[in-house]
Each structure stands twice: as structure tokens, then as C-alpha cells.
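These notes concern the structure reproduced below.
Here the structure is a predicted model, which means the values were calculated and not measured. Just so it is clear, the values below take in all heavy atoms, side chains as well, and ignore hydrogens, waters and symmetry mates. First the proteins, then the strands, lettered A, B, ... as listed; each starts at 1.
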Number of protein chains: 2
Amino acid sequence: MKAHSSIVAQESRGAPGRSGPSMSAVPFMQPGDGSAVSLLDAAETERLAGIASIVCFAKGARIYEAGDKAESIYNVIKGEVKTFCALSSGRRRITAFLCSGDLLGLAENGLYISTAQALTPVTAYRLPLNALDHLLRGDPVLEHRFLCKLCHDLRAAQSHAIMLGRHDALGKLAMFLQQLAAKNPNGSTLARGIFLSMTRSDVADYLGLSLEAVSRSFHKLEQLGIIRLDDRHVIQIVDQARFDKLVAAA
Amino acid sequence: MKAHSSIVAQESRGAPGRSGPSMSAVPFMQPGDGSAVSLLDAAETERLAGIASIVCFAKGARIYEAGDKAESIYNVIKGEVKTFCALSSGRRRITAFLCSGDLLGLAENGLYISTAQALTPVTAYRLPLNALDHLLRGDPVLEHRFLCKLCHDLRAAQSHAIMLGRHDALGKLAMFLQQLAAKNPNGSTLARGIFLSMTRSDVADYLGLSLEAVSRSFHKLEQLGIIRLDDRHVIQIVDQARFDKLVAAA
DNA sequence: CGCGGGGTTGAGAACCGTCAAAAGTAGTGG
DNA sequence: CCACTACTTTTGACGGTTCTCAACCCCGCG
């Protein structure tokens, strides 16, 4: 239980009134273009804010540890988070990268099933499970939003599984980059630039590859003239057509 | 749109009163032994039964097709189902095997994201989405059950992803067998016997292996004296200790 | 200036995928 | 009951991609 020891999370009381939790997901039922939409209206946000407190985590800080008693779920406001499971071989498998509008804190039998760590400085709403449970039981509409969000996350997990099933490192990486590009609203930092807040090692643990294979694949994609690396963390897609072909060639 | 054409599903009106839908999942909050419990009580079952009709599918029949308009979700009563995505290369990736107490019919923007096919003769409740949506909006407790079930499925999908991240065929197969054993209540057919209703090809598509690798892995596990194959579809774990070691050696 | 984490590059070996062919199984109809 | 066919599974040989091990580089930081 030495979690949270090295880097202490700073905590403050919940934002009163003005703003509050937000969630985004691709809708279950409504037809759309496949992009994520905001799930909560102002009133719903405010109801959630009533039970929320704001917590901040430094880069690298653990938000919770697998096996800890699950007392809260978190709603990311700003920054990025990875959740991972430590395998018995000392290796780790990253189950998800979370960002603004995402929920984290999935538990089983009252215990977190994975560890959550901040990739960047993170600000998040902390929603105590008891209070959330109570709130949702009296608020079916709000509960429905959570249902939608979970459906979204389930689809994402299945999509992740499909990615992991591929055997070509290049295809995996391309698929990963596409998902990143789709997730972040176009032109977040640069026009069509994809920003990677995680390390090569994180990408490897997410894709089920070795760190070296990821490095080589980045290099090869660049050599082929499909992407360009401005920085090691900023990728531009140069040849969208060949990029898409690579993604589709499952 | 030639789905459902070759094998016609038989349909009948919902069971009045006596029984109805059921769902099982490992709890989110309550401490437990990690086994799944039934989520619905008699009253909840009955409320769901009010909007449900019973549908039957022959072995091999398609329950729905990826891309079809999603009008219902299904709750399996009896039999087993696979859901899969057809990849552009003609290959398919199985996302889940479902059985009694499971839900299927995940959609995105109103369209099913995968195809569902019966592995055995299947009986299921059919829950029209509109009616379900309406029911849940007025029934937060029942909606909460669905939330729990989705959490369960999300954990299962992440577990699947972790399995796919492994590179050793033997470990993948062992992990798969363990999940099957855990899912089916012990001693369903034979004491400690695991029954596989799916083909080797299905297992391969689920594990991200070639059909041949699955066959070889079964053979090797038997050769090593870890499992025994009574039938090609009935597996006995002979050496539990070495089996567990193989599963854990991620 | 030295240090350390993250990243790159190289060489060899192991594992799995692919292709191919044969053996076993189930379901059908004579 | 048997023969026929189609499907599933097994087995073999070969080639390729990635993993592993190892060394080296790059950059920020104390």
C-alpha cells in the first residue's frame, strides 16, 4: 500500500456552480457521423458537480492502484491518463488511454482492476461511489448517460482487441495513430498533427509489441513517406491514402 | 442484405408471467469470490418480460448482421452465440462468446457493430430498443442492473485484450480454457470438464491465432500431460498446477 | 560534465503464419 | 445400412516477422 506515496495528489473542493463533469461518447442509437458528442447538459453536469471534488495529479502520479478498494470513479477534465495491469512476468499491458471527458475507475468486487497513472499533469473530478450510486438511483436520465458512456468504452475495448489481433506491427501502429487522430478534435495543436503524450514503451504495452518493434515501425512508416515525425511526439500523416490502406489491410 | 435468409428464425410471443430475462455478472462493488451472480430479482425479470418476446435460432443462424439497423438487444436464455467483425482481408475476429444470462446487440449510431451467430441452437429474449429505453428511463434500479452488466462486459473485453497481447500460443489457449472453465458453473456436464461449443477456427479467430496454431497447441498441451481431450470438444485439466503456471506466465 | 531515462539500431533465434495435403467427422440421401 | 460429400481437424515443411539480447545514441537535468 505504498501507492500515492512518492507524488502527493493535490485536492480541492468541488467547483460550485459554474462548471462540472463532462462526458463524451459516440451515441448508441442516434445516427451520426461516428464522432463523439457531449453526453451531459448543463443541469446534469451541475447535479454531478454536487458530489464531485477536483483532484490534481502530477505527471507520473498514480491515481489509484489495482487491488485498492474502489471508493471513487474519476472524470478527467484535463490531461491524459493510462490504465494498465501489471502482468506476472513484470511486463505491463495498457488497457486504455483516457483524456478529457473520459471516466476511469472500473472495479470488480469493490477493487480496482487496473492501475491508473497520469501521463501528463492531470485535473479530474472525483466522484465518490456511494454518492454517485445514490444519485443515479434517483436520476434515471443521468444514469442513462453513464450507460451510453459504458457502451462507448466497451466498443473501444473491442476495437482495441481487434487491433491486438493483428500481426503486422506497421498495421497496428497505423491503427493506433488513426484512433488517436479520431479521438482528438482535428487541429488540437497543429493542423492534422497527432500528439503522443505517451512513451514508445507505453505504445508497445498498448499494442502488444516490443518497444523496439514500435521504434522500428515508426521509422519504417517515415521511410515509406507515410508519416513524418516533427518531434518524437508529434506525428504528421503525409500520405493519407496509403495510411488508410495500411489501416484497412487487417 | 441477404442476412437471415437461408435459416429462418422462429419467433413466438413472450413468456407471460412465469419466467423471463436474466442477467449475470461479477459485481462492481460488493466484495465476493469473483464469481458471477444473478443480477435480476423476480420483479425486475417480470418487468423486462413485459416488453420481451422469445426468439429461436438454429445452429449457424445469424441473429443480426454488422451494419444492420439496431432495433433490439437480445438476452440469451439457452445456447451459445459468437459475435464477430469481418475484417477487410476476409478474416474475422471474434469479439465475444455469449451464453445464458448474457446480453448482445451493442450498436453505434444506431447500427450493430458486429455480427451475431448461433454456435448451437439458441433461445433468447428479444428486447426492442425503444421499449427498453422507455422502460429504463422510468426504472433506475433496473437500469442500474444494465450498468452492472456493461461493467462486467467491459472487464471481459479488457481481459480479452490482455489475452490477445500474449505472444505464446500455449499461454493464450490456457488462458482461454481457464476463462471458459470460470464462466461455466463447475460440473456443468462432467466434473471439471470444459465443453467447447465452438470450432478450432472460432477459437483461432478469438485468440488471434491461425487455426493450425490452435490445433497444434491443443496437441501440445495434451502431450505435456496438462490437459486431456475426451472428445475434441470436451477438455479435462489433468495437471492444474502446471496449467495455472502457464496461465500466469504472461 | 556526468548521469539516467527514453529511444534507436543491429544480429541471431524462436515462434507462428502460410501453403499444402491427408485424415477424421458429420450430415444427407439413396 | 451404407456411400457420398462437405466440413473440420490434423500434420508437415518452409519462410517471414517479431522477440530477445546487446550496444549505442540522444537529450534534459542536476
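In this structure, the CD atom of E212(B) is 14 Å from the P atom of dT8(D), given to the nearest Å. The nearest whole Å value for the distance from the NE2 atom in H167(B) to the P atom in dA13(C) is 21 Å. dC26(D) atom P lies 16 Å from atom NE2 of H233(A), rounded to whole Å. One interatomic measurement links the two molecules: NE2 of H219(B) to C1' of dC16(C), which rounds to 17 Å at whole-angstrom precision. Protein atom CG of D168(B) is 16 Å distant from nucleotide atom P of dA14(C), rounded to whole Å. Distance K220(B) NZ to dT10(D) P: 16 Å, rounded to the nearest Å. Protein atom CG of L209(A) is 16 Å distant from nucleotide atom C1' of dG7(C), rounded to whole Å. E222(B) has its CD atom 9 Å from the P atom of dT10(D), to the nearest Å.
Where V214(A) and D202(B) each meet DNA chain D at their nearest nucleotide, the meeting point lying more 5' is that of D202(B). Checking S217(A) against M198(B), the closest nucleotide of DNA chain D that is more toward the 5' end is the one next to M198(B). Along DNA chain C, the nucleotide closest to T199(A) and the one closest to G208(B) are compared, and the more 5′ of them pairs with T199(A).
Between D244(B) and R242(B) there is no salt bridge, since no side-chain N of the basic residue sits under 4.0 Å from a carboxylate O of the acidic one. A salt bridge between K82(A) and D205(A) is absent, with no side-chain N of the basic residue lying under 4.0 Å from a carboxylate O of the acidic one.
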Between L106(A) and Y112(A), does the side chain to side chain contact (heavy atoms under 4.5 Å, CB included) criterion hold? Intermediate values first, please.
CA-CA 6 Å; L106(A) 189 63; Y112(A) 290 121; over 6 Å; no
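Side-chain atoms of T95(A) and S114(A) form no donor-acceptor pair, as typed in the model, at a separation below 3.5 Å. For the residue pair E80(B) and T120(B), no side-chain donor N or O sits within less than 3.5 Å of a side-chain acceptor on the partner.
Distances shorter than 4.0 Å separate none of the side-chain N or O atoms of R232(A) from OP1 or OP2 on dG5(C). The side chain of R200(B) places an N or O atom within less than 4.0 Å of a non-bridging phosphate oxygen (OP1 or OP2) of dT10(D).
Residue L211(A) is in base contact, counting any heavy-atom pair closer than 4.0 Å across all strands shown. Heavy atoms of R166(B) sit nowhere under 4.0 angstrom from any nucleic acid atom. R216(A) comes within 4.0 angstrom of a nucleotide base, judged by non-hydrogen atoms across all strands.
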